[in-house]
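When reading the values below, keep in mind they use all heavy atoms of this one structure, side chains included, and skip hydrogens, waters and symmetry mates.
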Amino acid sequence: MTTTARVAGVSTMVFALAGFAWFAFQLAPPILGFDDTDNPAVSIAFVRAHPDIHVLAGLSLILMAIALTVAILGVAEVIAPRADSLALRSVSAFGLFAAALFLVTGGLQIAKSGPLLHIANLRDEWGEAAYLAFNVASQAAVISGIVGLCLWAAGLSVIGRRRRVLPTWLCVLGIVPAFRLVAGTLGPLGLLPEIELLWIIGMISIPGTMVWCLLLGIVLLRRGFGSSAVRQAVPATAGA
């Protein structure tokens, strides 16, 4: 196993674990006794009571951004000898786009426990307006980041299957992030039926994508990428 494959595997797993932590922090308000609502007054009350939750969520997103950047570059280098360079670069660009947006979202999450509370302490209505602005910006950034992540995962699955550089079962599981793309894009346009099950599956696909990344990291660590890949490629070239 090459050092690059090892780094790519570890960073991919770190990204997935940080993603699980971020998703858990998102579920904190109802667990801690606050209504799961879009009411800004309730949300500000939660921030006042538990400012550390948003800070930890922001740090998780920043860690996700750093780990994902390293993972994308590492994975691209590992499979580059057996993949189309243009397709691989295009897919990697989506992943780096996602990492940048996770970094922005992390900063916005941390800011909820500082500037937001300062504004809210001046006037309640200012605080509620600021919360809505923070929330809209962070939601737009994180949704766009998830879309980029799904494109990276789904695209990497296609490349991995066509070039046989990743296990077939892992590539098949790439349909989970692909479903998130279809449901998230076509659903709001009214091109899919309004079925609650679709929304549930779409939400499950978010941690599901993290599970896929975790499995990708395990594959990178357990398979003999590097010298073995070269040995597999040589007979194919010789036979041609």
Side-chain angles (χ1 to χ4, degrees), residues 4-23 60-106 138-186 201-221 223 225 229:
T4 302
R6 186 178 296 108
V7 171
V10 171
S11 57
T12 305
M13 295 177 68
V14 169
F15 166 76
L17 295 175
F20 292 140
W22 166 71
F23 197 78
S60 297
L61 283 161
I62 291 174
L63 179 58
M64 287 170 60
I66 296 172
L68 183 59
T69 300
V70 176
I72 289 165
L73 297 177
V75 170
E77 184 173 340
V78 167
I79 69 174
R82 302 187 64 187
D84 179 80
S85 60
L86 179 59
L88 184 58
R89 289 176 184 176
S90 300
V91 169
S92 299
F94 287 120
L96 294 174
F97 172 74
L101 288 170
F102 289 147
L103 184 65
V104 171
T105 308
S138 61
Q139 287 292 326
V142 77
I143 290 174
S144 299
I146 290 172
V147 169
L149 175 65
C150 291
L151 286 170
W152 176 68
L156 194 63
S157 296
V158 173
I159 293 174
R161 179 67 188 93
R162 291 186 62 185
R163 299 295 180 175
R164 298 183 180 181
V165 71
L166 294 175
T168 300
W169 61 266
L170 182 66
C171 299
V172 171
L173 287 177
I175 195 174
V176 175
F179 178 85
R180 176 67 184 177
L181 288 173
V182 173
T185 303
L186 300 183
I201 296 176
M203 292 302 296
I204 293 176
S205 68
I206 298 177
T209 307
M210 303 301 174
V211 172
W212 186 87
C213 291
L214 184 64
L215 294 173
L216 173 62
I218 294 173
V219 167
L220 290 170
L221 290 176
R223 292 191 67 175
F225 284 96

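Rounding to the nearest 0.5 angstrom, the gap separating the CG atom in Leu220 from the CZ atom in Arg6 is 12.0 Å. Between Ile146 atom CD1 and Thr105 atom OG1 the span is 8.5 Å, to the nearest 0.5 Å. Rounding to the nearest 0.5 Å gives a distance of 5.5 Å between CG of Leu214 and CZ of Phe20. For the atom pair OG (Ser60) and CZ (Phe15), the distance works out to 11.5 Å, reported to the nearest 0.5 Å. A distance of 9.0 Å separates CE in Met210 from CZ in Phe23, rounded to the nearest 0.5 Å. One finds the CG atom of Leu103 at 11.0 Å from the CG atom of Leu68 (value rounded to the nearest 0.5 Å).
Under the side chain to side chain contact (heavy atoms under 4.5 Å, CB included) criterion, Val172 pairs with Thr168, sequence neighbours left out.
The shortest side-chain heavy-atom distance between Asp84 and Arg162 does not fall under the 4.5 Å cut-off. Residues Leu17 and Leu63 have side chains not in contact (no heavy-atom distance under 4.5 Å, counting atoms from C-beta outward). Between Val158 and Val91 there is no side-chain heavy-atom pair separated by less than 4.5 Å.
Among Ile72, Thr209, Val147, Leu96, the single residue meeting the side chain to side chain contact (heavy atoms under 4.5 Å, CB included) criterion with Trp152 is Ile72.
In terms of heavy-atom proximity, Cys171 sits nearest to Ser157 at SG-O, 3.3 Å. Closest non-hydrogen pair, Gly174 versus Trp212, comes out as N-NE1, 3.7 Å. Residue Cys213 comes nearest to Leu149 through the heavy atom pair SG-CD1, 4.4 Å, listed as atom of the first residue, atom of the second, then distance. For the pair Ala83 and Ile159, the tightest heavy-atom approach, listed with the atom from each and the gap, is CB-CG2, 3.7 Å. Closest approach of Ala76 to Leu88, counting heavy atoms only: O-CD2, 3.3 Å. Of all heavy-atom pairs spanning Ala99 and Thr69, the tightest one is CB-OG1, 3.4 Å.
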- Message: Could you walk me through whether Trp169 and Val219 satisfy the side chain to side chain contact (heavy atoms under 4.5 Å, CB included) test, starting with their C-alpha distance in whole Å, then the side-chain angles of each, then the deciding distance to 0.1 Å, before giving a yes or no?
- Response: CA-CA 11 Å; Trp169 61 266; Val219 167; 3.9 Å; yes

- Checking side chain to side chain contact (heavy atoms under 4.5 Å, CB included) for the pair Val10/Val70: CA distance, chi angles, key distance, verdict? CA-CA 10 Å; Val10 171; Val70 176; over 6 Å; no

- Message: Applying side chain to side chain contact (heavy atoms under 4.5 Å, CB included) to Val211 and Leu173, what does each step give before you reach the verdict?
- Response: CA-CA 10 Å; Val211 172; Leu173 287 177; over 6 Å; no

